[in-house]
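To start, the structure itself, in structure tokens.
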Amino acid sequence: MKRAGKAFFTENLLIWNSEINTRNMPWKGEKDPYRIWLSEIILQQTRVEQGWPYYERFIKAYPTVNHLARASDDEVFRHWQGLGYYNRCRNMLAAARTISKDYQGQFPHTYESILALKGVGAYTAAAIASFAYGLPHAVVDGNVYRVLARYFGIQTPTDTTEGKKEFTLLAGELLDKTQSAAYNQAIMDFGAVVCKPQQPACSSCPLSTQCLAYQTGRVEQLPLKTKKIMIRQRFFYYIILIYNKQVYIRKRKEKDIWQNLHEFILLEQPCPVTQAELLASEGYRAALPGVSFKVEGLSAPYKQQLTHQTIIAQFLTLRGKGRAPALEGYQLVPQSMLNDYAFPKTITSYLEKSALGLTLF
DNA sequence: AATGCGGGGTT
DNA sequence: AACCCAGCATT
């Protein structure tokens, strides 16, 4: 690719990094590959400010990869609760156990072996390889797409195969291979601090004189993306069935949102229904055959916006009479134990607001 | 090549 | 309401 200003870009980015950049984060300059890996998994599609406290808690709870590998799934998911994209947690655990068993707890040392770990893609492998071992692999994340698209005026959409190839190739050409860790850290910090998505600091940008987007007034338009996602609505009705300070929950197993998190008895409906309609529904009869109870009440709707779906959840509390029946797929747990299980945000929000987890439980 | 996967901040 | 965030796995 023959593009103008490549040498200027790398040189001045590194000058900005050493002379102006003051960004500080707990994992910055870290050389322990386990800690670097942990931070990178947590930060996938996650803002630094959001991931920061999770990183601190994980390092404290699991100081080494062997500690993490030995932990139970449910305990680790409880630590991950609220961070989202829960398959990251499952893959992280699988990778920790691979490293503990197949590598005797020693983190793999090559780009290819790092890339082979569950939950590690091209970005994360490049980050670990460069930060921990100084290997010459350029990171390509959302920051890099934005910085390069603007500086070089690239109009190829970033969410296509062609775009990924083009940006990855260019990023590799720009990398200073003698200091790949510093360079990779610099370009991401630069994207976060100067070349931000909104209101970039072009007036104080040391690259603006050679920035094609800035020179042609297209900074706000770049980078380009193509896909527009359709957002689906779903109506969740959770039955909180209580018998003597115990409540039914289950772990979500199906290929759907919130896999491996817990929930109450779920009746999903294709459209909103009233309390009476819910109790008369086919789903209710199938889930709770012959259960006798007293209705405590239906909660207000709890709305949660996900990337591809809007979840509208309501909670119906039922006080069971007589003996607690066995319900297929559900377990009966004491209300005081709910804090040991990981729940999606919608449910923890309800539990906090209703004080169900505090006073009643 | 397209799609699904959370939760939160910013504008 | 729309967009984005230290992306990845699956189909």
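Heavy-atom basis, side chains included; hydrogens, waters and symmetry copies ignored. In what follows, chains carry the letters A, B, and so on, assigned in the order in which the sequence lines appear, proteins first and then strands, with residues in each chain numbered from 1.
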Quiz item: With A:Trp27, which of A:Tyr54, A:Trp37, A:Tyr34, A:Tyr55 fulfils ring-ring contact (aromatic ring centres under 6.0 Å, His included)?
Solution: A:Tyr55
Practice problem: Identify whether any heavy atom of A:Gln185 sits under 4.0 Å from a base atom; if not, whether one sits that close to sugar-phosphate; answer base, sugar-phosphate or nothing. | Solution: base
Practice problem: Select base, sugar-phosphate, or nothing to describe what A:Gly191 touches, counting heavy atoms under 4.0 Å on all strands. | Solution: nothing
Self-check item: Result of checking A:Arg78, A:Arg97, A:Lys251 against A:Asp73 for salt bridge (charged side-chain N to carboxylate O under 4.0 Å, His left out)
Solution: A:Arg97
Exercise. Under 4.0 Å between any heavy atoms, over every strand shown, what does A:Met92 touch: base, sugar-phosphate, or nothing? Just pick one.
Key: nothing
Exercise. Under 4.0 Å between any heavy atoms, over every strand shown, what does A:Gln259 touch: base, sugar-phosphate, or nothing? Just pick one.
Key: nothing
Quiz item: Sub-3.5 Å donor-acceptor pair from the side chain of A:Trp80 to the main-chain atoms of A:Gly84, do we have one?
Solution: yes
Quiz item: When we call it a touch if two heavy atoms are under 4.0 Å apart, what does A:Asn184 touch: a base, just sugar-phosphate, or nothing?
Solution: nothing
Practice problem: State whether a side-chain donor-acceptor pair under 3.5 Å links A:Thr46 with A:Arg88. | Solution: yes
Practice problem: On DNA chain C, reading 5' to 3', which nucleotide is the first and which the last to sit with an atom under 4.0 Å from a heavy atom of chain A, could you check? | Solution: C:dC4 to C:dT11
Quiz item: Counting only non-hydrogen atoms, which of residues 119-144 of chain A are less than 4.0 Å from DNA chain C?
Solution: A:Gly119, A:Val120, A:Gly121, A:Ala122, A:Tyr123, A:Thr124, A:Asp141, A:Gly142, A:Asn143
Quiz item: Are A:Gln304 and A:Thr346 linked by a side-chain donor-acceptor pair shorter than 3.5 Å?
Solution: yes
Exercise. Would you classify A:Trp37 as touching base, sugar-phosphate or nothing, given that sugar-phosphate means primed atoms plus P, OP1 and OP2, and contacts are heavy atoms under 4.0 Å?
Key: nothing
Quiz item: Closest nucleotide of DNA chain B for A:Glu162 versus for A:Gln44: which of these residues is on the 5' side?
Solution: A:Glu162
Exercise. Search all heavy atoms of A:Lys28 against all heavy atoms of A:Arg23 and return the closest pair with its distance.
Key: NZ-O, 2.7 Å
Quiz item: Looking just at side-chain N and O atoms, do A:Asp176 and A:Thr10 make a donor-acceptor pair shorter than 3.5 Å?
Solution: no
Practice problem: Name the orientation class of the two ring planes belonging to A:Trp258 and A:Phe236 (parallel below 30°, tilted from 30 to 60°, perpendicular beyond 60°). | Solution: perpendicular
Quiz item: Is A:Met337 reachable from A:Tyr330 through a run of I, L, V, M, F, W or Y residues, each pair having side-chain heavy atoms under 4.5 Å apart?
Solution: no
Quiz item: With sugar-phosphate meaning primed atoms plus P, OP1 and OP2, does A:Arg232 contact a base, only sugar-phosphate, or nothing at under 4.0 Å between heavy atoms?
Solution: nothing
Practice problem: Using a 4.0 Å heavy-atom cut-off across all strands, classify A:Ile42 as base, sugar-phosphate, or nothing. | Solution: nothing
Quiz item: What integer number of Å spans the P atoms of C:dT10 and B:dG6?
Solution: 14 Å
Self-check item: Whole-angstrom distance between B:dC5 and C:dA6, as gauged at atom P
Solution: 22 Å
Quiz item: If you measure only the distance, is there a donor-acceptor pair under 3.5 Å linking the side chains of A:Gln44 and A:Thr124?
Solution: yes
Quiz item: Checking all strands, does A:Gln199 fall into the base, sugar-phosphate, or nothing category for heavy-atom contacts under 4.0 angstrom?
Solution: sugar-phosphate
Quiz item: Reading DNA chain B 5' to 3', which nucleotide is the first, and which the last, to come under 4.0 Å of any heavy atom in chain A?
Solution: B:dA1 to B:dT11
Quiz prompt | Closest-nucleotide ordering on DNA chain C, the 5'-leading residue of A:Leu43 and A:Lys118 | solution = A:Leu43
Quiz item: Between the side chains of A:Glu263 and A:Tyr248, is a donor N or O closer than 3.5 angstrom to an acceptor N or O?
Solution: no
Exercise. Taking atom types as modelled, find out whether A:Gln259 and A:Arg252 have a side-chain donor-acceptor pair closer than 3.5 angstrom.
Key: no
